[in-house]
Amino acid sequence: MTALLITVSSPNMVRIRRTRYIRFQQCTMPYLAAHFPPNWEIDHVDEECEQIDFSRRYDLVALTFHTPSAPHAYEIADRFRQMDCFILMGGPHVTLMPDEAAEHADAVFVGEAEETLPRFLAHFEQGSPSLHGRYVCEKPPLLNGLPMSHKELFHRRDHAAGILCATRGCPNHCEFCTLARLYGRSFRRRPIAEVAAEFASFHGKVVIFWDDNLSADMDYAKDLFRAIRPARKWWSSQAAIQAALDDEFLELAAASGCQHLFFGLESISQASLDSAGKAFNQTDMYYRLVRRVHAHGIGFQAGIVFGFDSDTPAIFNETSDFLEEAGVQNATLNILTPYPGTPLFNRLESEGRILTRDWSKYNSRADVVFQPKNMSPETLLEGFWAVNQRFYSLKSILTRSCHAPPRLLWELPLNLMYSLKWARYAYSKWQSK
Ligand code: SF4
């Protein structure tokens, strides 16, 4: 039996993601590959870095994708279907929009697939007539005993940076977030010994935790840091800002090799945070939080979103000022995007503010897909570009470096590489106008 697993990324998303100097590979398919019986021959294409070879026929073609790559994924599926391959779809967009995906697939997976995939594969090998249809994860699976991902299926460039998950889900319920739809409302943890063993199994020095909120259970996180410390690797992850208030968390993180933490600040406007269901982020603590993280020798990456209902055009300059004055090394800047199935999408739709259902525009960087409250879509897009231009300018990089402690100066060349990437992207956008 042969299977092609595809981590789908549309050409537009590949272009957009290339504005990032460091891009980490999605780990879904290498993890799911471990659930195939050993008699299967498995290929994995990650479109971020590889092309699909349509000349080969597979028994099974499985696709996972996010919303902005959905139209592209459907084209791929339709093409393989003409070759009489069985088409399986899963992942974030399929879980959000299963009926739509089912039009292009023989079977769709809704939610996590650890329990449904083995059931499907058993049916497949038996040629069962009940094979087609929908496989729904009724109850989020426990994460005990999960097999390690198949490392040989990671793309070579990213192989140096190991990628793994320790937890799934988040106990919070922000209005714009898809997590509650993808993972249910539970927060689940893998056994620490299993995570530590997988962490140590990567050959490279750098490991990324793909978790959405590694600090959701602080005791678990601290025990995990103690367990991974002997591996003497460098790692990075996402955490909630409350973690930056806990000295023990930061000390253990730094001692176990943490180089960078991503914090979803989302906005420097408290009114915006309150309206988005993220009132637990308190903006008056932001400067102090950055200083505390820096004091432990850990780089601070800020997740920032523009376009909340309280945002006015002033938000762009105010955010840029904050990022520079606080000395934030890195920022993931996004345009607010109402993914289908989220409370945000439902609210904006009921208010008649969804401008398009062309999912390819739900990319958070190049298009605005809803009517903002206090500015036009064009102003939101222009303001977003202006923040990027300023953030990646030499002046801003130097200002931010000066405001960070000298021990984080190693971030300077990294920032310059990001700046180069952004300049290339901006130039290609300008050329295509
Ligand atoms: S805290 Fe972050 S991961 Fe959790 S629900 Fe909010 S946006 Fe999603």
Using the ring-ring contact (aromatic ring centres under 6.0 Å, His included) rule, take Phe225 and Trp235 through it: C-alpha gap first, then chi angles, then the decisive distance, then the call. CA-CA 10 Å; Phe225 300 160; Trp235 63 268; 5.0 Å; yes

Assess whether side chain to side chain donor-acceptor pair (under 3.5 Å) is satisfied between Lys151 and Ser201, documenting all intermediate values. CA-CA 10 Å; Lys151 294 187 180 62; Ser201 73; 2.8 Å; yes

Of all heavy-atom pairs linking Gln329 and Ala404, the shortest is NE2-CB, 3.2 Å

Scan Asp246, Asp217, Asp247 and name whichever one has a salt bridge (charged side-chain N to carboxylate O under 4.0 Å, His left out) with Lys222. Asp246

Hey, is Arg347 close enough to Glu351 for a salt bridge, meaning N to O under 4.0 Å? yes

Trp40, CH2: over 12 other non-hydrogen atoms inside 6.0 angstrom: yes

Run the side chain to side chain donor-acceptor pair (under 3.5 Å) test against Asp99 and tell me which residues pass, sequence neighbours left out. Arg134

Start with the C-alpha gap between Cys177 and Thr342, add the side-chain angles, then the distance that decides, and say whether side chain to side chain contact (heavy atoms under 4.5 Å, CB included) holds. CA-CA 7 Å; Cys177 188; Thr342 58; over 6 Å; no

Sole candidate of Lys395, His403, Arg390 that passes side chain to side chain donor-acceptor pair (under 3.5 Å) when paired with Glu324: Arg390

Looking at Arg185 and Ala180, would you say the former's side chain and the latter's main chain have a donor-acceptor pair under 3.5 Å? no

Any chance the rings of Tyr287 and Phe322 have centres within less than 6.0 Å? yes

What distance do Met13 atom CE and Ser364 atom OG have between them, rounded to the nearest 0.5 Å? 7.0 Å

Take a 6.0 Å sphere around CZ of Arg424 and say whether it holds more than 12 heavy atoms from other residues, nucleotides or ligands. no

Students often mix this up, so state it plainly: with edges at 30° and 60°, are the rings of Trp422 and Trp385 parallel, tilted or perpendicular? tilted

Can a donor-acceptor pair be found, under 3.5 Å and without considering hydrogens, that links the side chain of Gln270 to the backbone of Asn281? yes

Check: Thr95 side chain, Gly111 main-chain N or O, donor-acceptor pair, under 3.5 Å: yes

Taking it one step at a time, do Ser215 and Asn213 satisfy side chain to side chain donor-acceptor pair (under 3.5 Å)? CA-CA 5 Å; Ser215 63; Asn213 185 355; 3.0 Å; yes

For Glu48, is there an ion pair with Arg15 - N to carboxylate O distance below 4.0 angstrom? no

Check this for me, if you would: do Arg190 and Glu198 make a salt bridge, where the nitrogen-to-carboxylate-oxygen distance has to be below 4.0 angstrom? yes

Side-chain donor-acceptor pair under 3.5 Å between Gln238 and Trp210, yes or no? no

Rounded to the nearest 0.5 Å, how far does CG of Leu420 lie from CG of Asn415? 12.5 Å

Quick one: side chains of residues 367-374, donor-acceptor pairs under 3.5 Å with protein atoms, not counting sequence neighbours, listed by atom name and distance.
| unit_1 | atom_1 | unit_2 | atom_2 | d |
| --- | --- | --- | --- | --- |
| Asp367 | OD2 | Asn363 | ND2 | 2.8 |
| Asn374 | ND2 | Asp309 | O | 2.7 |

Has Glu47 got a side-chain atom pairing as donor or acceptor with Ser9's backbone, closer than 3.5 angstrom? yes

What orientation do Phe263 and Phe300 show, parallel under 30°, tilted 30 to 60°, or perpendicular over 60°? parallel

Rounding to 0.5 Å, atoms NZ (Lys278) and CZ (Phe280) come to a distance of 5.0 Å

Does Phe316 have its ring centroid less than 6.0 Å away from the ring centroid of Phe306? yes

Check: His66 main-chain N/O paired with Tyr362 side-chain donor or acceptor under 3.5 Å: no

Main chain of Ser237, side chain of Asp211: is a donor-acceptor contact present, judged purely on distance under 3.5 Å? no

Where does the angle between the aromatic ring planes of His104 and Tyr74 fall among parallel (under 30°), tilted (30 to 60°) and perpendicular (over 60°)? parallel

Would you say Glu50 and His44 make side-chain contact, with heavy atoms under 4.5 Å? no

Which heavy-atom pair separates Gly169 from Phe187 by the least distance, and what is that distance? O-CD1, 3.3 Å

Apply the test side chain to side chain donor-acceptor pair (under 3.5 Å) to residues Ser396 and Ser393: give CA-CA distance (whole Å), side-chain angles for both, the deciding distance (0.1 Å), then the verdict. CA-CA 5 Å; Ser396 177; Ser393 68; 4.7 Å; no

Using 4.0 Å as the upper bound for N to carboxylate O, is an ion pair formed by Arg168 and Glu114? yes

With sequence neighbours left out, write down each residue that passes side chain to side chain contact (heavy atoms under 4.5 Å, CB included) with Ala231, or none if nothing qualifies. Phe199, Ala200, Lys233

State, yes or no, whether a side-chain contact exists between Glu325 and Thr399 at a heavy-atom distance under 4.5 Å. no

